[in-house]
Amino acid sequence: MDPETLYGVFDAVPGEPSEPGVAEPGTGPYGGDMPRPRYNIAPTTDNLVVRVRPAGEDDQPPVRRIDLLRWGLVPSWAKDPSVGNRLFNARAESVGEKPAFRRALARRRCLVPASGWYEWQKLAQGEATGGRGPAKQAFYLTPEDGSVLAFAGLWEYWRPAGADRGGDGDRGGDADPDGGDRDGTPADRTPIVSYTILTTASVGALQGIHPRMPLVLPASEWDAWLDPSREDVAELLEPPDEDLVAQLELRPIGTRVGNVRFDDPSLQQQVTPAPGAVGSDRTADGDLMLPLALP
DNA sequence: CCAGACGTTGTT
DNA sequence: GTCTGG
DNA sequence: CCAGACGTTGTT
DNA sequence: GTCTGG
């Protein structure tokens, strides 16, 4: 997706230029560089996220802001930020009870824009291919009308122990473009603002591919999800409506998407689905699937 | 009390 | 930080 | 999630 | 097999 379109889609503005721990997306149409569109996003990388208020400035009217946050939520109490490497998803069914996510669910919800997402369907070991056939089929799930999706997310602020420099964002504006500090402070002492994506049970045809899916929020729920004063989000944590899922294209794609060093539009090129995969006209054994006789 | 976890996915 | 397990 | 690494002693 | 990195 084109990152610049996101400001319009989400009625958002660029984030504060000096928020510690946040890589700058740039100001886009307001005058700076935006990150290039991405086609293969991996956990631990910085990606665009929509938030209302990155830090507690309580008086100002709510403004949606877009920043680059690290995918993989690092809890504020973590001693080592690598614990966030595995916290890139949070189950919607239990997120309110997990120590790592509970506080963020109550106070720091966010939206993660995406043009779609990838999923792997595990296939029965193909006997017809002598076991050498592909054991899995990748899919790109994307709205047929090209609209932008928003995944429900949570974000968190982490500061290394002992790093005691005060300032919650608007002071000490030393906009350091690269990760490290000028004074030689290693990167593992810099603050990190990170996020996680909620998952839920798959809906409709997606169940044939994978039992889980990201919690996709319809645009009508974006405002409520982002509103930090909203107390009861149980309704928003329910799986998406079937009609939302019915608007998605389930596009079989090649296996290169599994390797993060590939990151270009060709990853989303449609391929013939493997036998037994969703959309294939052949069974897992390679036999042609015949249409059912109608009465 | 202290120590240790704190999570999800998927199980050819 | 807060909860669970020993 | 998938891809890729996974390690020490001792230096024949 | 299991962990780390992207």
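This one's a predicted model, so the numbers in the text were calculated from it and none came from an experiment. All chains are named by letter (A, B, ...) in the order of the sequence lines, taking the proteins before the strands, and each is independently numbered beginning at 1.
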Using a 4.0 Å heavy-atom cut-off across all strands, classify A:Thr199 as base, sugar-phosphate, or nothing. sugar-phosphate

Round to a whole Å and report the spacing from CZ of A:Arg70 to C1' of E:dG5. 10 Å

Would you indicate, yes or no, if D:dC2 has its OP1 or OP2 atom less than 4.0 angstrom from a side-chain nitrogen or oxygen of A:Lys122? yes

Just wondering, more than 12 heavy atoms not from A:Asn259 lying within 6.0 Å of its CG? yes

Between B:dT11 atom P and A:Gln121 atom CD, what is the distance in whole Å? 11 Å

So, the side chain of A:Trp222 versus the backbone of A:Leu217: is there a donor-acceptor pair under 3.5 Å, distance only? yes

Please determine whether a side-chain nitrogen or oxygen atom of A:Arg91 lies at a distance below 4.0 Å from atom OP1 or OP2 of B:dT9. yes

Rounded to whole Å, how long is the line connecting atom CZ of A:Arg103 with atom C1' of B:dC6? 14 Å

Given side chain to side chain contact (heavy atoms under 4.5 Å, CB included), test A:Leu111 with A:Leu226 step by step and report yes or no. CA-CA 7 Å; A:Leu111 296 174; A:Leu226 290 175; 3.7 Å; yes

Of the nucleotides B:dT9, D:dC1, B:dG7, which one has an atom closest to the side chain of A:Pro99? B:dG7

Interatomic distance at P, D:dG7 relative to E:dG5, whole Å: 11 Å

Would you classify A:Pro75 as touching base, sugar-phosphate or nothing, given that sugar-phosphate means primed atoms plus P, OP1 and OP2, and contacts are heavy atoms under 4.0 Å? nothing

Give a yes/no verdict on base stacking between B:dC6 and A:Trp77: centres under 5.5 Å, planes within less than 30° of parallel. yes

Quick check for you: among C:dT2, B:dC6, B:dG7, whose closest atom lies nearest to any side-chain atom of A:Phe101? B:dG7

Atom-pair distance (CZ on A:Arg86; P on E:dT4), nearest Å: 7 Å

pair_partner(C:dC3), Watson-Crick or wobble, both distances < 3.5 Å, evaluates to B:dG4

Taking atom C1' in both B:dT8 and E:dC3, what distance in whole Å separates the two? 15 Å

Among the candidates D:dA3, B:dT8, D:dC1, find the nucleotide nearest to the side-chain atoms of A:Asn89. B:dT8

Considering only the P atoms, how many Å lie between B:dT11 and D:dA3, rounded to the nearest integer? 14 Å

In whole Å, I'd like the distance from the CG atom of A:Asp263 to the C1' atom of D:dC2. 15 Å

Considering just the side-chain nitrogens and oxygens of A:Lys136, establish if one lies under 4.0 Å of OP1 or OP2 belonging to D:dA3. yes

For the residue pair A:Arg251 and A:Tyr140, would you count it as a cation-pi contact if the rule is NZ or CZ under 6.0 angstrom from the ring centre and within 45 degrees of the ring axis? no

At under 4.0 Å between heavy atoms, what does A:Ser94 touch on the DNA or RNA strands: base, sugar-phosphate, or nothing? sugar-phosphate

Output yes when at least one side-chain N/O atom of A:Arg261 is less than 4.0 Å from OP1 or OP2 of D:dG4, else no. yes

Side-chain contact, heavy-atom cut-off 4.5 Å: A:Val9 with A:Pro113? no

Taking atom P in both B:dT12 and D:dC2, what distance in whole Å separates the two? 13 Å

Residue-phosphate contact under 4.0 Å: A:Asn85 side-chain N/O, B:dT8 OP1/OP2: no

